[in-house]
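Predicted, not measured: the structure shown is a model, and the values here were computed from it. Every number for a ligand or one of its atoms is a count from 1 in the order of the listing.
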Amino acid sequence: MNISYDNEAGTLYWYFVDLTEGDAVEEYECPVSLLCDARGGVVGIQLDLSEETDTTTKVKFALAHPECQWQTTNQFLTVAIAPHASVVPLAEPAILDIDSEGRILGCDVADVDHEKKFRYQRLEPHFVAIEDPLEELVALPPMDEAIVLPQVERAGVVAIVGRPNVGKSTLLNAIIGQKVAITSPKPQTTRSAIRGILTRSDAQIIFVDTPGIHRPRNRLGNYMVAQARQAVPDADIICMVVDITHMPNELDERIATMIRRSRSPKILVLNKTDRPNPHAAECLAAFRALVPWQMEIAISAIRNEGVSNLVDEIVTRLPQGEAFYAADQITDQNERTLCAELVRERIMHLIGDEIPYGVAVEVEEWEKRPRHRYIRMTILVEKESQKAIIIGSGGTMLRKIGSDARPAIEATIGEAVYLDLWVKPRTNWRDDPSALRWLGYRNE
Ligand SMILES: Nc1nc2c(ncn2[C@@H]2O[C@H](COP(=O)(O)OP(=O)(O)OP(=O)(O)O)[C@@H](O)[C@H]2O)c(=O)[nH]1
Ligand SMILES: [Mg+2]
């Protein structure tokens, strides 16, 4: 295996063989993710070959060095030097080098963010110098400090599932004590599974907040529901959150059917108990009948009532195990994603009707300047007419979105921020596979 990193160009070169000039005769672009360990160090890459017509041949011929574990599932080629804890999709595709027999020799991955999380220390023993003197291999910054994992008796993953708008993300934030997931009165706010990590002296719990399970009407919806479904089999404990002020509907029944298949303990979380509810007894009986629950607990996520009891009950049911994350890590999302989400949250709150469902926000620039961090984001909408609504007359709405989001962003990154928002239409992006991939809405 032959790995190098050009610090200046921010490009990672990962070759499965020792290349000689002329070996590669063809190039091919494909989506790529970095595989990271619990500390955010890069330990592998994952190439998405699903769009390549001749994938099977190429995968069959993919060469692997004895040191790397490699597996191909669902048209993914995964190459790692150590077990990974998270998969981080990159915006830029990987460029694959293919030889005359169609074998993948390796790839280069541009635009790799090395500033904070994605460090290359674990790869360093595999690094080789780049021979071309013009492409000097710059020494990598060392990790700030060795991260010590906390000593705990129990550790595990808890999936938080439920239909849209029942308060799953509000619950996650209450548990973690900080905003790690955006919330809004509109259903389908959460789009991707989000990890919130709670470390106590006795246990580390990795909560996975999931998108509300609904009937999808586009590819984005398919992605969201798949994200929720995927969280269930991986979970050591499943919390189904319900809104106790409503009777269970067909979606609750579908979710119940899905979680019944799991052998993990299942907890019924009855949320919104702060609301008046004359039919509470009836609703409770109906929810109890859905699944053979290990326990049930009534909470008000918004008032943080019953939440610590829920956490205590979860800890007693966690398997014994070692911590996975450093004690101060509270989420697996990177700062940029979280900041883009905070802008989307403001849009969910400020803009009516269907428009927010067709909005995506991406960070285009993230630059440290003398007095502040300059952050440029694009708000993607589906139509020109929606662009006008987001901007508002004389730009008032866009300014309002920015001024509402900025304090939350500053609190998250701990720096003064200059937020520069732009709006761009991209027709029907929610059904456009390449746009979805670009925005990071793709399943592993
Ligand atoms: N009254 C009351 N409202 C709550 C409570 N928990 C959440 N909410 C509100 O319910 C709405 C939906 O909350 P979210 O946390 O975004 O719900 P979600 O289940 O994550 O929704 P999706 O991400 O769309 O699946 C928001 O307006 C919350 O403020 C609660 O305990 N009581
Ligand atoms: Mg949510």
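Taking 4.5 Å as the limit, every side-chain heavy atom of Ile238 sits out of range of all side-chain heavy atoms of Ile267. In this structure, Leu172 and Val180 have side chains that are in contact, with non-hydrogen atoms separated by less than 4.5 Å. Put simply, the side chain of Pro187 does not reach to within 4.5 Å of the side chain of His214, judged on heavy atoms.
At least one N or O atom of Gly212, backbone or side chain, sits closer than 3.5 Å to an N or O atom of ligand 1. Not a single N or O atom of Asp209, backbone or side chain, sits closer than 3.5 Å to an N or O atom of ligand 1. For ligand 1, the polar-atom distance check finds an N/O of Val166 within less than 3.5 Å of one of the ligand's N/O atoms.
Atom CG of Asp353 has 12 or fewer heavy atoms from other residues, nucleotides or ligands within 6.0 Å.
When hydrogens are left out, the protein atom nearest atom 25 (O) of ligand 1 is Lys168 NZ, 2.8 Å; that is the closest non-hydrogen contact. At the shortest separation from atom 7 (C) of ligand 1 among protein heavy atoms lies Thr170 OG1, 3.4 Å. Among all non-hydrogen protein atoms, the one lying nearest atom 27 (O) of ligand 1 is Pro185 CA, 3.3 Å. Closest to atom 12 (C) of ligand 1 among all protein heavy atoms lies Asn165 OD1, 3.0 Å. Closest to atom 6 (N) of ligand 1 among all protein heavy atoms lies Asn271 ND2, 3.2 Å. When hydrogens are left out, the protein atom nearest atom 8 (N) of ligand 1 is Lys272 CE, 3.7 Å; that is the closest non-hydrogen contact. Considering only non-hydrogen protein atoms, atom 29 (O) of ligand 1 sits nearest to Ile302 CD1, 3.2 Å. The protein atom (non-hydrogen) at minimum distance from atom 17 (O) of ligand 1 is Gly167 N, 3.1 Å.
Heavy-atom contacts of Arg275 reach the following atoms of ligand 1: 1 (N) (cutoff under 4.0 Å). Listed by atom number, the atoms of ligand 1 under 4.0 Å from Ala301 heavy atoms are 6 (N), 31 (O). The ligand atoms of ligand 1 that sit less than 4.0 angstrom from a heavy atom of Asp274 are 1 (N), 2 (C), 30 (C), 31 (O), 32 (N).
When all heavy atoms are compared, the tightest approach of Asn165 to Ser184 is OD1-O, 3.4 Å. The minimum heavy-atom distance between Leu251 and Pro164, with the atom names listed, is CD1-CD, 4.4 Å.
Classification of Arg373 and Glu367 as a salt-bridged pair fails, no side-chain N sitting under 4.0 Å from a carboxylate O. Salt-bridge formation is not detected for the pair Arg154/Asp202: no Lys NZ or Arg NE/NH1/NH2 atom is positioned less than 4.0 Å from an Asp or Glu carboxylate oxygen. Arg200 and Asp312 are joined by a salt bridge, as a carboxylate oxygen and a charged side-chain nitrogen come within less than 4.0 angstrom of each other. Remark: Glu382 does not engage Arg426 in a salt bridge, criterion side-chain N to carboxylate O under 4.0 Å. Between Glu253 and Arg260 there is no salt bridge, since none of the side-chain N atoms of the basic residue sits less than 4.0 Å from a carboxylate O of the acidic one. Checked for salt-bridge contact, Lys179 and Glu345 meet the test: a charged N lies under 4.0 Å from a carboxylate O.
Residue contacts with ligand 1 for Ser184 involve N, CA, C or O but no side-chain atom from C-beta outward (heavy atoms, distance under 4.0 Å). Residue contacts with ligand 1 for Pro187 involve N, CA, C or O but no side-chain atom from C-beta outward (heavy atoms, distance under 4.0 Å). Contact annotation for Thr183 and ligand 1: heavy atoms of both the backbone and the side chain come within less than 4.0 Å of the ligand.
Side-chain atoms of Ser169 and Thr183 form no donor-acceptor pair, as typed in the model, at a separation below 3.5 Å.
Under a 4.0 Å heavy-atom criterion, Gly162 is not in contact with ligand 1.
Under the 30°/60° scheme for interplanar angles, the aromatic rings of Tyr223 and Tyr441 are found to be tilted.
For the atom pair CD1 (Ile375) and CG (Asp420), the distance works out to 10.5 Å, reported to the nearest 0.5 Å.
Within the protein, the N, O or S atoms sitting under 2.8 Å from the Mg ion (ligand 2) are Ser169 OG, Thr190 OG1.
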